[in-house]
Amino acid sequence: MSFREKYSRIARHYETLEKPLDRFFCPLRKKAVSFAEGRTLEVGVGVGKTLRYYPKDVELCAVDAVPEAIEIAREKARRLNLNACFEVADVEKLPFPDNSFDTVLSSFIFCTVPNPERGMREILRVLKPGGRAIFLEHTKSDSILLDYLFLLPLKLPLRLLLDDDPLRETHKLVSKHFEIEREERYYRGIVRLIVARKPSESKTFKAPSP
């Protein structure tokens, strides 16, 4: 069963299931959204847990690979009187032209993306040169002890339930493609907030010197 099928099954119950974590994660979602400006794309918007934090002057487009989640997010935006567009789309294959957005935001999705390298390249592609990329992500901890005693035991059940890998090093993948402006670590690095910029030239495919 794919991660889309797994999330489609729990979409209507997702907020209830994650409610115990809201006191830890929602303030971080609010802080992440505070860095968004201009035409903004949120990838993996899910059921829209970030939507209430967007200011009215942000032109928001939000995508998710799970249609059931997009419907919930769209209804939430309507109740919030938030002017936003929603599309069913995968971060690994975004339906937007190159250099389309001033900001791209990702909130707790790269632990689940099947091909994170491809997803990161797509974010880089649709972001304007100098545009801002914001990542709020679960990552491998700074503590080996936490990794072995907490995250590693969680890996198998999370993989089976949600295709979630809590030991990914998304922060290293971000630094491979973007220029890091700030990185904040929470809970010994289990959660990281990264604000970065798209360089004027690709960090991965720089032209060789003459």
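Keep in mind the model is a prediction, meaning the values are calculated, not measured. When reading the values below, keep in mind they use all heavy atoms of this one structure, side chains included, and skip hydrogens, waters and symmetry mates.
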No-hydrogen, no-angle side-chain donor-acceptor test under 3.5 Å, Glu42 and Thr50:
yes

Arg23 meets the side-chain hydrogen bond (donor to acceptor under 3.5 Å, both in side chains) criterion, sequence neighbours left out, with none

For Arg197 and Gly130, indicate whether the former's side chain and the latter's backbone hold a donor-acceptor pair under 3.5 Å. yes

So NZ of Lys172 and NZ of Lys140: to nearest 0.5 Å the spacing works out to 6.5 Å

- prompt: Is a side-chain donor or acceptor of Arg125 paired with a backbone partner of Leu94 at a separation under 3.5 angstrom?
  reply: yes

- Would you call Arg118 and Glu122 a salt bridge, using N to O less than 4.0 angstrom? no

Quick note, ring pair (Phe, Tyr, Trp, His ring centres under 6.0 Å) partners involving residues 36-81, not counting sequence neighbours, are none

Here the gap from Lys128 atom NZ to Asp98 atom CG, rounded to the nearest 0.5 Å, amounts to 13.0 Å

Backbone N or O of Arg168 within a donor-acceptor pair of the Thr139 side chain at under 3.5 Å?
no

Residues at least two apart in sequence or cross-chain that pass side-chain hydrogen bond (donor to acceptor under 3.5 Å, both in side chains) with Lys93, listed by chain then number, are none

Ser106 meets the side-chain hydrogen bond (donor to acceptor under 3.5 Å, both in side chains) criterion, sequence neighbours left out, with Glu137

Rounded to the nearest 0.5 angstrom, the CD1-OG distance for Ile180 and Ser175 is 5.5 Å

_For a side chain to side chain contact (heavy atoms under 4.5 Å, CB included) check, start with the C-alpha distance between Phe108 and Arg29, then their side-chain angles and the critical distance, and finish with the verdict._
CA-CA 9 Å; Phe108 299 124; Arg29 289 186 174 101; 3.7 Å; yes

### Task
Apply the test side chain to side chain contact (heavy atoms under 4.5 Å, CB included) to residues Leu193 and Ile134: give CA-CA distance (whole Å), side-chain angles for both, the deciding distance (0.1 Å), then the verdict.
CA-CA 7 Å; Leu193 172 59; Ile134 305 160; 4.0 Å; yes

Between Arg132 and Glu181, does any NZ, NE, NH1 or NH2 come within less than 4.0 Å of an OD or OE carboxylate oxygen?
yes

* N-O pairing of Glu184 and Arg192 below 4.0 Å -> no

Apply side chain to side chain contact (heavy atoms under 4.5 Å, CB included) to residues Asp64 and Val88 and explain how you reach the verdict.
CA-CA 5 Å; Asp64 198 277; Val88 177; over 6 Å; no

Discussion item. Val43 vs Ile109, test: side chain to side chain contact (heavy atoms under 4.5 Å, CB included). Steps then yes/no.
Written reply: CA-CA 8 Å; Val43 295; Ile109 74 160; 3.7 Å; yes

Residues at least two apart in sequence or cross-chain that pass side-chain hydrogen bond (donor to acceptor under 3.5 Å, both in side chains) with Asn99, listed by chain then number, are Lys198

### Query
Does the separation of the ring centres of Phe25 and His138 fall below 6.0 angstrom?
yes

In short, ring pair (Phe, Tyr, Trp, His ring centres under 6.0 Å) pairs touching residues 61-103 with sequence neighbours left out are Phe96-Phe101

